Colleague: 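Got a structure here, written out as structure tokens. Questions coming.
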Amino acid sequence: MSGLLDYVPGNTFLHRLHPLSKLIFSFGLCLACFLTQNHWLVLGVIVCSLLQAALAGMLKPALAVLRALSKLSLLLFLAQVFFVRQGQIVLSLPLDIYITDQGLSFSCLFVLRLIAVTLPLFIMLSITRMSDLTNALTRLGLPYKYAFALTTAMRFIPLFGKEMSEIMEAQTARGVEFDSKNFCKKLKLILPLCLPLLLSSVRRIENSAIAAELRGFNVRKKDSGYKRYVLGRGDAAVLGALVLILAAVGLEHFYG
Amino acid sequence: MIRIDNLSFAYGGGEKKVLEEISLHIGEGDFLGIIGPSGAGKSTLAFAVNGVVPHHFNGDFYGRVTVDGLDSLEAGPEALARRVGSVLQDIESQLLASVVEDEILFGLENFSLPRAQIEERISYALAAAGISDLRARAISSLSGGQKQKVAIAAIMALRPKIMLLDEPTGELDPQSSLRVFETLSQLNRLHGVTIVVIEQKIMMLCEFAHRLAVMERGRLILEGPVEEVLLYPEKLEAAGVNIPRVATLAGKLRARGLYQGKTPLNIAQATAMMKEATKDAALG
């Protein structure tokens with residue numbers, strides 16, 4: 001079973017793009033989200049990301065991420081909305097608690113940005129092979145060792161998730177009840193598991209370093225790469241779309 | 001090909017020696033099986049051969065390990081990696097790419113193989129490991145056994161002079177384990193690759209290996225041709241090694257004077273042994 005951030009194989013138009021285009025496009029979308037103050041533009045980025053996911057044949061996992069993000073967003077929204085005191089009061093509650101129009105606008109933008117920034121990165125990581133991503137980062141000037149360490153760290157995220165669920169399953173088999181609805185109680189049960197997870201993670205990382213070393217990682221040269229990446233029309237279209245999005249953000253920034 | 005002289009090693013921070021005065025000579029084209037209970041020092045011995053000990057895991061290192069003329073202390077894992085292809089015990093950590101073909105490509109790229117050879121090597125390794133159909137699959141979607149085959153294929157592609165495998169069939173079913181051993185045997189016979197396998201599946205090891213080395217608490221207690229090592233069932237059992245039943249049977253028949261031949265290593269040889277023993281018994 002593949003988990004979050006695992007590569008989703010495919011041969012779609014998006015899969016075939018130059019890894020650098022995928023990287024630039026996803027980070028460009030994130031940048032657009034941070035630059036704009038327009039809710040509709042950020043919402044547009046989310047819709048664009050879902051469209052990308054559908055094109056890449058991974059709408060289902062993208063929607064699962066969106067659902068998980070929505071839950072987190074709701075919590076963040078509630079945490080934010082009561083703390084902005086500027087603007088017109090739209091809802092007044094006892095104990096001098098109220099919600100203002102600016103508070104609503106800021107909180108909405110905040111959570112929309114969170115979703116809009118996460119989705120493109122999630123999609124990019126799901127449709128790009130780690131080796132391609134490493135190569136793309138090296139093309140951007142990052143030394144191979146650092147690029148490899150970065151992508152390998154990302155590969156470990158789902159592995160650690162799997163390891164944590166295995167530790168939890170082992171504890172459940174011994175009678176620990178993790179399905180408690182009490183958040184504090186659940187946290188109290190999970191915290192002691194962090195130590196075995198940390199230890200096994202360190203061991204795993206060490207083993208990976210040994211495995212890489214034993215397969216010539218340290219003798220790799222700058223021109224050792226086998227794959228050749230060619231920029232095609234698809235890349236031009238995607239990068240063109242990004243330029244348009246960023247131009248729209250720029251126009252909105254200066255005139256809007 | 002591999003020469004280990006009076007090797008002793010204790011991991012840094014620990015006083016207990018994990019390896020004690022090990023001397024072992026593995027010739028070119030040999031197929032050696034290393035057996036022993038957990039904690040016997042088998043994996044550490046493998047690490048001493050590929051240079052991980054003492055270059056990655058520091059500690060007190062005494063003695064000398066020479067691999068294809070290179071002293072492991074001076075050469076280090078990078079230089080040794082060109083000669084020794086290692087498959088580690090923890091397969092999950094060993095896989096570094098997200099797709100099968102990229103995993104095989106990793107080592108080939110690192111060693112800067114000519115482009116013309118790379119595609120041929122990938123196809124060869126995938127076919128030899130019986131996973132050609134998995135080429136474009138995401139590694140995260142593979143079963144434990146399939147991952148193990150990918151790790152083996154990634155090493156095969158490098159075509160090293162020595163293949164060092166630490167429990168390469170740990171997560172494989174009997175049929176796949178047999179296939180791995182057959183492939184290793186083929187590499188050994190046809191290409192002269194020296195094979196060193198640490199394995200718990202002793203029956204299979206006995207069938208394919210030329211020689212066995214038995215370890216117990218950091219020491220090498222027995223070493224020699226498989227048939228000879230199996231002549232010491234009591235010593236093996238005392239060390240916690242489960243010897244093949246056919247070898248136990250041969251021992252019992254020998255004790256009763258019913259059989260004097262070689263120790264059988266597979267069912268066919270065991271059948272022949274039983275025929276001989278029952279014939280002698282009938283005549284007696």
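The shown structure was predicted, so the numbers you read here are calculated from the model rather than taken from an experiment. Only this structure's heavy atoms are used, side chains among them; waters, hydrogens and symmetry mates stay out. Lettering of chains follows the sequences in order, A, B, ..., and the numbering in each one begins at 1.
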Colleague: Counting heavy-atom pairs under 4.5 Å with chain B, which one of Arg204(A), Glu206(A), Arg129(A), Arg203(A) comes out on top?
Modeller: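 Max contact count across the listed options: Arg129(A).
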Colleague: Quick one: what part of Phe148(A) sits under 4.5 Å from any heavy atom of chain B, side chain, backbone, both or neither?
Modeller: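 The side chain, not the backbone.
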Colleague: Check whether more than 12 heavy atoms from other residues, nucleotides or ligands sit under 6.0 Å from atom OH of Tyr229(A), and answer yes or no.
Modeller: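 Correct, the count exceeds 12.
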Colleague: Can you confirm whether more than 12 heavy atoms, excluding those of Arg228(A), are under 6.0 Å from its CZ atom?
Modeller: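 Buried by this count: over 12 neighbours within 6.0 Å.
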Colleague: Contact part of Gln89(B) toward chain A, heavy-atom cut-off under 4.5 Å: side chain, backbone, both or neither?
Modeller: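 When you check distances to chain A, no heavy atom of Gln89(B) falls under 4.5 Å.
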Colleague: Looking at Ser112(B), Ala97(B), Ser86(B), which makes the most heavy-atom pairs under 4.5 Å with chain A?
Modeller: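 Highest number of heavy-atom pairs under 4.5 Å: Ser112(B).
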Colleague: CZ/Arg137(B) to OH/Tyr7(A) distance, rounded to the nearest 0.5 angstrom?
Modeller: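 Reported to 0.5 Å precision, the distance equals 13.0 Å.
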Colleague: So which of Gln94(B), Glu103(B), Glu109(B) actually passes side chain to side chain donor-acceptor pair (under 3.5 Å) with Arg215(A)?
Modeller: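 Per the side chain to side chain donor-acceptor pair (under 3.5 Å) rule, the option paired with Arg215(A) is Glu103(B), out of Gln94(B), Glu103(B), Glu109(B).
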Colleague: Check each atom of Asn50(B) against the heavy atoms of chain A and say whether the ones under 4.5 Å are side chain, backbone, both or neither.
Modeller: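 Both parts, heavy atoms under 4.5 Å.
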Colleague: Are the side chains of Asp102(B) and Met130(A) in contact, using a 4.5 Å heavy-atom criterion?
Modeller: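 No, side chains not in contact.
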Colleague: Please give me the minimum heavy-atom distance between Gly216(A) and Ala81(B), naming the atom from each residue.
Modeller: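 Looking at all heavy atoms of both residues, the closest pair is N-CB, 4.4 Å.
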Colleague: Nearest 0.5 Å, what's the CG-OG distance between Asp132(A) and Ser98(B)?
Modeller: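 That separation rounds to 7.5 Å.
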Colleague: Is it true that, when you exclude Arg135(B) itself, more than 12 heavy atoms of the residues, nucleotides or ligands shown sit nearer than 6.0 Å to its CZ?
Modeller: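 For Arg135(B), atom CZ is crowded (more than 12 foreign heavy atoms under 6.0 Å).
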Colleague: Name the region of Leu108(B), side chain, backbone, both or neither, that has any atom closer than 4.5 Å to a heavy atom of chain A.
Modeller: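 Neither part.
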Colleague: Minimum heavy-atom separation for Glu213(A) and Pro77(B), please, with both atom names.
Modeller: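 Smallest interatomic distance, heavy atoms only, reads OE2-CG, 3.6 Å.
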Colleague: Under a 4.5 Å heavy-atom cutoff, which of Leu142(B), Ile139(B), Ile118(B), Leu158(B) has the most pairs with chain A?
Modeller: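 Going by pairs under 4.5 Å, I would pick Ile118(B).
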Colleague: Tell me the closest heavy-atom pair linking Leu96(B) and Ala211(A), and the distance in Å.
Modeller: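 Smallest heavy-atom distance, with atoms named: CD1-C, 4.5 Å.
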Colleague: Less than 4.5 Å apart, any side-chain heavy atom of Arg82(B) and any of Val219(A)?
Modeller: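 In short, these two side chains touch, coming nearer than 4.5 Å.
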Colleague: Is the number of heavy atoms from other residues, nucleotides or ligands within 6.0 Å of CZ (Arg217(B)) greater than 12?
Modeller: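 Not buried by this count: 12 neighbours or fewer within 6.0 Å.
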Colleague: Let me know if Ala138(B) has heavy atoms under 4.5 Å from chain A in its side chain, its backbone, both or neither.
Modeller: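 Both backbone and side chain.
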Colleague: Can you name the closest pair of heavy atoms from Asn207(A) and Ser93(B) and give their distance?
Modeller: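 Shortest heavy-atom separation between Asn207(A) and Ser93(B) comes out as CB-CB, 3.5 Å.
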Colleague: Tell me whether the count of non-hydrogen atoms from other residues, nucleotides or ligands lying under 6.0 Å of CD in Glu120(B) goes above 12.
Modeller: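 Yes, because the 6.0 Å sphere around CD of Glu120(B) holds more than 12 heavy atoms from other groups.
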Colleague: Between Phe47(B) and Ile210(A), what is the shortest heavy-atom contact and its length?
Modeller: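 What the structure gives for the nearest pair is CE2-CG2, 4.4 Å.
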Colleague: Do Glu101(B) and Lys227(A) sit within salt-bridge range, that is, some charged N less than 4.0 Å from a carboxylate O?
Modeller: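 Looking at Lys227(A) together with Glu101(B), the answer is no, because their closest N to O distance does not fall below 4.0 Å.
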Colleague: Arg115(B) side chain to Tyr226(A) main-chain N or O, any donor-acceptor pair under 3.5 Å?
Modeller: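 Yes: the side chain of Arg115(B) pairs with the backbone of Tyr226(A).
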Colleague: Quick check: are there more than 12 heavy atoms from other residues, nucleotides or ligands sitting under 6.0 Å from OH of Tyr146(A)?
Modeller: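 No, OH of Tyr146(A) has 12 or fewer neighbouring heavy atoms, counting only those of other groups under 6.0 Å.
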